[in-house]
Amino acid sequence: MLDIKLIREKPEFVKAALKKKGVDFDVDALVVFDEKRRKKIQQVDEARAEHNALSAGIAGAVGKEKERKIAASKNLKTALADAEFELKALDEEFLDIMYGIPNLPAEDVPQGKDESENKPIRTWGELPSFSFVPKDHMALGEALDIIDVERAAKVTGSRFNYLKAEAALLEFALVQFVMQALTNAETVRHIADGVERGYQQKPFIPVLPPVMIRPEMFRRMARLTSADKDERYYLQQDDMYLIGSAEHTLGSMHADEIISEEHFPLRYVGFSTSFRREAGSYGKDARGILRVHQFDKIELESFSLPEYSLKEHYFFIAVQEYIMQLLMLPYRVVLICTGDMGRPNARQVDIEAWMPGQNMYRETHTADYMTDYQARRLNTKVKRSNGAVEVVHTNDATAVAIGRTLIAILENYQQEDGSVRIPDAVKPFMGGITEIRRI
RNA sequence: GGUGGGGUGGCCGAGUGGUUGAAGGCGGCAGUCUUGAAAACUGCUAUACCUUAACGGGUAUCGUGAGUUCGAAUCUCACCCCCACCGCCA
């Protein structure tokens, strides 16, 4: 949710920003509506004040005087009830409108219609060259008997998979590798210094969050809009949703809290399974495990002071690149255009790993910069050392999406005989296994 | 799933219809005292919204929502959450 004061005070700025995002929204009508609502608030408050004053006088009154005052108070109450009813309707409509407005894009976000207008901003790593025709991850995974989608289809349906043997071990190795790195003060300092010398060096707190969430919190995370709804798994009996990312239950953990300034930034690294219905993506990426209903992911979430939040966004991207570089996976960093970014985002950067089996870059990471958009609805605030209270900023980002990273590893580390080497970074967690090979 | 007990400010805790946004204590902040600190003492110490150039004024909030009443933290109903025990279970 945007700040209504910003809309009130700088309607032209908001108009321009929304236009850039390609959103057709009548800002002037909202400003008029806001005025109407405030008039009603005044009217209701004044009537209540009068009513309160009358009531206060009743306790001390006696006899006829008391009866007269009670009658007057009753009268006023009827009028008040009408005004309150009107105000309630206005409030509901107001929130409806406010929830419908997406976040405003940051200055450097390219304007564009769809993903074709995203801007690659840098690439890292040399694309591997093979003396043979590289296979895709499914061909490799099936031949090595580490990915089984056929049996998963039998048992659960399409877009599910069994990860077996070394693939299963690789998941735990990736988790260990990332968790150890991000909870290590030295490593985090190194990454933070890369963003800017001396930038906040607080390590991450590892978290295993719930994978179910209540509708109210989902909404307040701005992750249950009408557009999102089809994408979520809903448990009717319990009125709960399965999360699509650990972000959903990490970002909502501090809802309705006021946190002292000295605790920031609050950095969490969470591991969870993610559930996505992939509605409307029939046929898209049908082969393999790139697009599935259930996958595990390590997610970064940060609550930060407004003056640091953009830097925190860069820091998250630096964390992502650090991980990809240690895994020696070639990638490119893409600045997402206004038409392709998420509604709550002010800025979004994707990292796409090179996938030789498809001969193209595919998305493995996202980093979202939300400014105060999420936190305003979540009511997560900071108390400054001078006593001032303000809404915090949030950032989230993928650390490792296990399935897609597995694809990148299989395809980049494959050898002519169909075996796959294990990246050096995760070898210490593979119990002596250095390659995946079947005779 | 069953039974019982609870949800009051940063924390503990009083409060069963009338200046109660809420006693008291702890914590925090400022000051007095002190060479400094501690102790002691004094004062301050919730959030949101409306209004005001500002000082200030007003409204709402005692888990949430609805209701009774001129008036609700206090009474009624529904829901949510927490705790204990039983059942089930990794």
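In what follows, chains are A, B, ... by sequence order, proteins preceding strands, each numbered from 1. Please read all numbers here as calculations on a predicted model, not as lab measurements.
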How would you list, by chain and number, every residue that makes a ring-ring contact (aromatic ring centres under 6.0 Å, His included) with H51(A), sequence neighbours excluded?
none
Nucleotide nearest R214(A) (side chain, heavy atoms from C-beta), chosen from C80(B), G18(B), C50(B):
C80(B)
Taken in chain and number order and not counting sequence neighbours, the residues that satisfy salt bridge (charged side-chain N to carboxylate O under 4.0 Å, His left out) with R277(A) are none
Can you check the distance between G9(B) and U47(B), where both ends of the measurement are the P atom (answer in whole Å)?
14 Å
Under a 3.5 Å cut-off for both distances, is A46(B) Watson-Crick or wobble paired, and to whom?
U61(B)
If we call it a pair only when both distances are under 3.5 Å in a Watson-Crick or G-U wobble match, what pairs with A54(B)?
none
Atom-pair distance (CD on Q43(A); C1' on G58(B)), nearest Å:
15 Å
Separation between the P atoms of A46(B) and A22(B), rounded to whole Å
10 Å
On the six-membered ring of F295(A), is R404(A) placed so that its NZ or CZ lies under 6.0 angstrom from the centre and within 45° of the ring axis?
no
Nucleotide G9(B), atom P - distance to CD1 of I258(A) in whole Å
12 Å
Taking only side-chain nitrogens and oxygens of R38(A), does any of them come within less than 4.0 Å of OP1 or OP2 of C49(B)?
no
Using a cut-off of strictly less than 4.0 Å between a heavy atom of the residue and any atom of RNA chain B, enumerate the qualifying residues of residues 377-386 of chain A by number.
K381(A), K383(A)
Interatomic distance, D238(A) atom CG to M212(A) atom CE [nearest 0.5 angstrom]
7.0 Å
Rounding to the closest angstrom, what is the interatomic distance between A53(B) and U64(B) at atom P?
34 Å
Cationic tip of R37(A) within the cone over F94(A)'s six-membered ring, i.e. under 6.0 Å and within 45° of the normal?
yes
For C41(B) and A60(B), measure between their C1' atoms and round to the nearest Å.
37 Å
Using the salt bridge (charged side-chain N to carboxylate O under 4.0 Å, His left out) criterion, which residues pair with D368(A)? Sequence neighbours excluded.
R223(A)
With a 4.0 Å cut-off on heavy atoms, is K36(A) in touch with a base, just the backbone sugar-phosphate, or nothing at all?
nothing
Tell which nucleotide pairs with A66(B), taking only Watson-Crick or G-U wobble pairs whose two distances are both under 3.5 angstrom.
U76(B)
Regarding S73(A), tell me which of base, sugar-phosphate or nothing describes its non-hydrogen contacts under 4.0 Å with the strands shown.
sugar-phosphate
Inter-nucleotide P distance (C44(B), G56(B)), Å rounded:
14 Å
Using the P atoms only, state how far C26(B) lies from U35(B), rounded to an integer number of Å.
27 Å
Tell me whether the side-chain N/O atoms of K69(A) come closer than 4.0 Å to OP1 or OP2 in C70(B).
no
Student check: side-chain heavy atoms of V382(A) and F303(A) closer than 4.5 Å
no
Check this one for me: any side-chain N or O of Q42(A) less than 4.0 Å away from OP1 or OP2 of C50(B)?
no
Would you mind checking if D228(A) and R343(A) are paired as a salt bridge, meaning a charged N to carboxylate O distance below 4.0 Å?
no
Name all residues meeting the salt bridge (charged side-chain N to carboxylate O under 4.0 Å, His left out) criterion together with E84(A); count only those two or more places apart in sequence or in a different chain, and write none if there are none.
R48(A)
C1' spacing across the pair G13(B) / C62(B), given as an integer number of angstrom:
13 Å
Rounded off to whole Å, could you give me the NZ-to-P distance for the K40(A) and U51(B) pair?
15 Å
Tell me the closest heavy-atom pair linking V269(A) and F204(A), and the distance in Å.
CG1-CB, 3.5 Å
Starting from P on U47(B), measure out to CD1 on I259(A) and report it in whole angstrom.
14 Å
Atom CD of E262(A) and atom P of G28(B) are separated, to the nearest Å, by 13 Å
Has the side chain of T394(A) got a donor or acceptor atom that lies under 3.5 Å from a matching backbone atom of A375(A)?
no
Taking the P atom in each of G4(B) and C12(B), what is the distance between them to the nearest angstrom?
27 Å
Whichever of H51(A) and G387(A) has its nearest RNA chain B nucleotide further upstream toward 5':
G387(A)
Once you round it to whole Å, what is the distance between C1' of G58(B) and CG of L80(A)?
14 Å
Please report, rounded to the nearest Å, how far the C1' atom of U19(B) is from the CD1 atom of I58(A).
14 Å
Please determine if E166(A) and R438(A) form a salt bridge, counting it only when a charged side-chain N lies under 4.0 Å from a carboxylate O.
yes
May I ask which nucleotide in the shown strands pairs with G9(B), Watson-Crick or G-U wobble, both distances under 3.5 Å?
none
Applying a 4.0 Å non-hydrogen cut-off, can you work out what R8(A) is touching in the nucleic acid: base, sugar-phosphate, or nothing?
sugar-phosphate
Please report, rounded to the nearest Å, how far the P atom of U69(B) is from the CG atom of N75(A).
15 Å
Detail all sub-3.5 Å separations between protein N/O atoms and N/O atoms belonging to nucleotides 59-63 of chain B.
{"residue": "U59(B)", "atom": "OP1", "partner": "N52(A)", "partner atom": "ND2", "Å": "3.3"}
{"residue": "U59(B)", "atom": "O2'", "partner": "D45(A)", "partner atom": "OD1", "Å": "2.9"}
{"residue": "U59(B)", "atom": "O2'", "partner": "R48(A)", "partner atom": "NH1", "Å": "2.9"}
{"residue": "A60(B)", "atom": "OP2", "partner": "N52(A)", "partner atom": "ND2", "Å": "3.4"}

When you measure from the side chain of K5(A), which nucleotide among A66(B), C50(B), C70(B) comes out closest?
C50(B)
Answer with base, sugar-phosphate or nothing: what part of the nucleic acid does I41(A) contact at a heavy-atom distance below 4.0 Å?
sugar-phosphate
Look through every strand shown and name the nucleotide pairing with U3(B) as Watson-Crick or G-U wobble, where both distances are under 3.5 Å.
A84(B)
